[in-house]
Amino acid sequence: MRAALLLSVLLLVLPQCATAPSAPPREMVDPARPVLSLCGEPLGEIALSEEQRVEQTTKLEEARAELANDPSSVEAHIWVGRRLGYLWRYREAIAALTDAIERFPGDPRLYRHRGHRYLTIRELDRAVADLSHAAELMKGRADEVEPDGLPNAAGVPTSTLGSNIFYHLGLAHYLRGEFEAAEASYRRCLEYATTDDMWVATCDWLVMTLRRAGKEAAVREMLEAVGEDREILENHAYLDRLRMYQGRLEPEDLLSRGDGDLAIATYGYGVAEYWLSVGREEEALALMRRVTSGRYWPAFGYLAAEAELCRREGP
């Protein structure tokens, strides 16, 4: 009788254990450790303007006060991590989110934000682990609009939790050269894209992914879906890149738009990828070197250019 009871308990418990998502292992985070490029070279500090530093430091102090007032709030933990990131203190952001994950291991938002920061510091395996776990935790959960920490001019959020999980997971796979997995993630992201901003950003990376995989028919299908009437609040560069792939803008048009390091990273990588696809390899690689000679190394265009150069040229 007792043995039968134990067996029935095991039969109830084992299926749950088999299907429960397994969280990525905890790591000890050293905030003082420098960030290295994918080629193993130290990435320099990025100086904020005094106005930006004061503004973001004040907001970090406010976020910490909110957390001290309500340590049970997952949102308060997230905002401390996000505010540290806006001050370029990425390893501290990861440490803060890791502490929160120990308290709230079932919340996908924490893995989404930590996964993003692992991307920033070039720890791609950990980024994939976190974002894949976030995707598992999203199963059966309603999506939600994600508030912007750096709002656009209209003050309208353009993404959701689900879209950000799959967008960043797609990028992590893309950077590792895993284009089939990247395509699957970007297609899932499109299912969560509720705004034109999120749609065009995802479509842009999906087009580049499909080209890398040699799926030109799928590329044409995606470009036809871009259409004419896209209402863009902030992702104008991604729409410009799509228009270039369509032949409606010239590469030189994009390279003339903005002269800051972020603009060069965003437009430059898109143009470089386009040049690679049409056989202008030497010009493409030269442009990627220009992108990575800038200082805005958290930009996804910088990251992607760095990954390509490291694969081809090594340290």
Side-chain angles (χ1 to χ4, degrees), residues 33-47 88 90-91 115-128 131 167-183 185-186 201-202 204-215 219 237-238 240-242 244-245 250-315:
R33 188 153 55 98
V35 177
L36 302 180
S37 75
L38 293 170
C39 292
E41 300 167 345
L43 295 166
E45 291 187 18
I46 303 174
W88 308 88
Y90 297 120
R91 293 197 187 277
H116 181 178
R117 288 309 167 212
Y118 275 136
L119 269 178
T120 307
I121 66 169
R122 278 63 173 164
E123 296 192 13
L124 304 184
D125 292 347
R126 288 194 170 106
V128 168
L131 294 163
Y167 183 77
H168 291 89
L169 181 56
L171 178 63
H173 284 303
Y174 181 93
L175 294 172
R176 297 203 304 185
E178 299 162 353
F179 300 118
E180 292 293 335
E183 178 188 350
S185 294
Y186 285 132
T202 307
D204 175 83
W205 283 101
L206 178 54
V207 165
M208 292 189 293
T209 299
L210 293 168
R211 277 218 166 104
R212 287 286 183 147
K215 298 182 178 181
V219 168
Y238 289 120
D240 286 344
R241 288 179 3 176
L242 290 168
M244 176 185 65
Y245 308 147
E250 294 298 321
E252 291 72 22
D253 296 331
L254 273 62
L255 294 177
S256 67
R257 298 187 180 188
D259 56 1
D261 285 344
L262 177 57
I264 291 169
T266 305
Y267 283 113
Y269 181 72
V271 171
E273 271 296 303
Y274 172 72
W275 279 345
L276 276 180
S277 73
V278 296
R280 296 169 63 177
E281 183 173 316
E282 193 171 320
E283 293 166 281
L285 296 178
L287 184 51
M288 287 187 187
R289 292 187 197 99
R290 179 184 172 196
V291 167
T292 57
S293 70
R295 295 183 57 82
Y296 208 95
W297 49 260
F300 290 165
Y302 189 118
L303 243 172
E306 180 184 298
E308 182 66 20
L309 292 172
C310 289
R311 275 194 295 266
R312 288 171 176 264
E313 301 174 354

Trainee: Mark yes or no for whether Arg241, through its side chain, and Asp204, through its backbone, hold a donor-acceptor pair below 3.5 Å.
Mentor: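 Answer holds: no.
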Trainee: Is the shortest side-chain heavy-atom distance between Met288 and Leu276 below 4.5 Å?
Mentor: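 A side-chain contact under 4.5 Å exists here.
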Trainee: Tell me every residue that passes ring-ring contact (aromatic ring centres under 6.0 Å, His included) with Trp275, counting only those two or more places apart in sequence or in another chain.
Mentor: none
Trainee: Ignoring hydrogens, what is the shortest heavy-atom contact between Val291 and Tyr269? Give both atom names and the distance.
Mentor: CG2-N, 4.0 Å
Trainee: Residues two or more places apart in sequence or in another chain: which of them pass salt bridge (charged side-chain N to carboxylate O under 4.0 Å, His left out) with Asp253?
Mentor: none
Trainee: Go through the structure and list residues passing salt bridge (charged side-chain N to carboxylate O under 4.0 Å, His left out) with Glu250, not counting sequence neighbours.
Mentor: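 Not a single residue meets the salt bridge (charged side-chain N to carboxylate O under 4.0 Å, His left out) criterion with Glu250.
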Trainee: Look up atom OG in Ser37 and atom CG in Leu303, then write down how far apart they are to the nearest 0.5 Å.
Mentor: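 It comes to 10.0 Å.
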Trainee: Search all heavy atoms of Met244 against all heavy atoms of Leu254 and return the closest pair with its distance.
Mentor: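 Taking Met244 first and Leu254 second, the nearest heavy atoms are SD-CD2, 3.9 Å.
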Trainee: What side chain to side chain donor-acceptor pair (under 3.5 Å) pairs are there with at least one residue in residues 286-302, not counting sequence neighbours?
Mentor: Arg289-Glu313
Trainee: Please find the pair of heavy atoms, one from Ala237 and one from Thr266, that lie closest to each other, and give the distance.
Mentor: CB-CG2, 3.6 Å
Trainee: Are the side chains of Leu36 and Leu43 in touch, meaning some heavy atoms are under 4.5 Å apart?
Mentor: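 Not touching, per the 4.5 Å side-chain cut-off.
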Trainee: Tell me, which pairs form a salt bridge (charged side-chain N to carboxylate O under 4.0 Å, His left out) where one or both residues lie in residues 171-181, sequence neighbours left out?
Mentor: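 Qualifying pairs, neighbours excluded: Asp125-Arg176, Arg176-Glu178, Glu180-Lys215.
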Trainee: Sequence neighbours excluded, which residues qualify as side chain to side chain contact (heavy atoms under 4.5 Å, CB included) partners of Ala182?
Mentor: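 Partners of Ala182 by the side chain to side chain contact (heavy atoms under 4.5 Å, CB included) criterion, ordered by chain and then number, come out as His173, Tyr174, Tyr186, Thr209.
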Trainee: For the residue pair Ala265 and Ala299, what are the closest heavy atoms and their distance?
Mentor: CB-CB, 3.9 Å
Trainee: Using salt bridge (charged side-chain N to carboxylate O under 4.0 Å, His left out) as the criterion, list what pairs up with Asp261, not counting sequence neighbours.
Mentor: none
Trainee: Are His168 and Phe300 an aromatic pair, judged by ring center distance below 6.0 Å?
Mentor: yes
Trainee: For residues 267-277, pull every pair meeting salt bridge (charged side-chain N to carboxylate O under 4.0 Å, His left out), keeping only residues two or more places apart or in separate chains.
Mentor: Arg212-Glu273
Trainee: What pair of heavy atoms forms the shortest contact from Ile46 to Pro298, and how long is it?
Mentor: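 Closest approach of Ile46 to Pro298: CD1-CD, 3.5 Å.
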Trainee: Would you call Glu41 and Arg122 a salt bridge, taking side-chain N to carboxylate O under 4.0 Å as the test?
Mentor: no
Trainee: Using the test side chain to side chain donor-acceptor pair (under 3.5 Å), find all partners of Tyr274 that sit at least two apart in sequence or belong to another chain.
Mentor: none
Trainee: Rounded to the nearest 0.5 Å, how far does CG of Leu171 lie from CG of Leu124?
Mentor: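 Atom-to-atom, Leu124:CG and Leu171:CG are 8.5 Å apart.
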Trainee: Would you mind reporting whether Val271 and Glu252 have side-chain heavy atoms less than 4.5 Å apart?
Mentor: no
Trainee: Tell me the closest heavy-atom pair linking Ala127 and Ala172, and the distance in Å.
Mentor: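 Reported closest heavy-atom pair: CB-CB, 4.5 Å.
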Trainee: Does the side-chain contact (heavy atoms from CB on, under 4.5 Å) test come out yes or no for Leu309 and Leu38, once each step is laid out?
Mentor: CA-CA 9 Å; Leu309 292 172; Leu38 293 170; over 6 Å; no
Trainee: Who are the side chain to side chain donor-acceptor pair (under 3.5 Å) partners of Arg280, not counting sequence neighbours?
Mentor: Glu283
Trainee: In chain order, what residues pass the salt bridge (charged side-chain N to carboxylate O under 4.0 Å, His left out) check against Glu281, with sequence neighbours excluded?
Mentor: Arg312
Trainee: Hey, are the side chains of Ser277 and Tyr245 touching, using non-hydrogen atoms and a 4.5 Å cut-off?
Mentor: no
Trainee: Going by the rule side chain to side chain donor-acceptor pair (under 3.5 Å), which residues pair with Thr120 if we only count those two or more places apart in sequence or in a different chain?
Mentor: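 If we apply the side chain to side chain donor-acceptor pair (under 3.5 Å) test to Thr120, skipping adjacent residues, the hits are Arg117.
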